[in-house]
Amino acid sequence: KRTSNKQRMKENSKIIKEISTRLTLLNIPKGKTQFIPSTKIKVNAIKVMVHRLNQKGYNFSATEKGVSGGMNVTNGSINL
């Protein structure tokens, strides 16, 4: 029995879900801190995105102090 290309794609393809570092940080409520595990987003990627967002006027801070396996990220932006 022959299978169609559509059926083969269904059987062989996996759904890829990409995590956006930028959107993750921007969704942290103002004045709040969130732990981001390094299994989800690499520590270096968080540091780079914090720097980039801060250059655009945001006020994020990130620290690895007191935590293991990730980073605490704080959205220090104020409500205007």
Side-chain angles (χ1 to χ4, degrees):
K1 183 179 175 183
R2 291 181 66 183
T3 56
S4 69
N5 284 339
K6 217 181 229 186
Q7 285 176 320
R8 262 188 254 128
M9 280 186 63
K10 276 186 183 179
E11 294 168 6
N12 298 329
S13 64
K14 292 181 183 179
I15 296 174
I16 298 172
K17 193 163 79 171
E18 186 175 327
I19 295 174
S20 168
T21 305
R22 180 179 172 275
L23 291 177
T24 299
L25 297 184
L26 290 174
N27 279 308
I28 298 172
K30 292 177 181 178
K32 300 291 182 181
T33 300
Q34 182 173 326
F35 175 75
I36 301 174
S38 57
T39 56
K40 299 289 181 191
I41 303 175
K42 292 181 180 180
V43 169
N44 195 47
I46 295 170
K47 290 178 183 179
V48 168
M49 190 52 63
V50 163
H51 179 72
R52 287 182 183 169
L53 289 172
N54 287 347
Q55 283 182 323
K56 293 186 178 201
Y58 293 93
N59 185 20
F60 285 95
S61 61
T63 183
E64 295 176 87
K65 288 183 180 179
V67 295
S68 65
M71 291 191 92
N72 279 328
V73 180
T74 302
N75 183 349
S77 301
I78 55 173
N79 291 325
L80 297 175

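- Linking ILVMFWY residues whenever their side-chain heavy atoms come closer than 4.5 Å, directly or via other members, places Leu26 and Met71 in the same cluster.
- Within the structure, side-chain hydrogen bond (donor to acceptor under 3.5 Å, both in side chains) pairs that include any residue of residues 39-54 comprise Lys47-Glu64, His51-Gln55 (at least two apart or interchain).
- Looking at heavy atoms from C-beta onward, Lys30 lies in side-chain contact with Asn75 at the 4.5 angstrom threshold.
- Of the inter-residue distances, the one linking Gln34 atom CD with Thr24 atom OG1 reads 7.5 Å to the nearest 0.5 angstrom.
- Shown here are the side chain to side chain contact (heavy atoms under 4.5 Å, CB included) partners of Ser20, two or more places apart in sequence or in another chain: Arg22, Leu23.
- The shortest heavy-atom contact between Phe60 and Val50 is O-CG1, 3.6 Å.
- Ser61 meets the side chain to side chain contact (heavy atoms under 4.5 Å, CB included) test with Thr74; sequence neighbours excluded.
- A pairwise comparison of heavy atoms in Val73 and Ala62 identifies CG2-CB, 4.1 Å as the closest pair.
- In this structure, Ser38 and Val43 approach most closely via the heavy-atom pair CB-CG2, 4.0 Å.
- No side-chain donor-acceptor contact under 3.5 Å links Thr21 to the backbone of Ile46.
- The shortest side-chain heavy-atom distance between Leu25 and Ile36 falls under the 4.5 Å cut-off.
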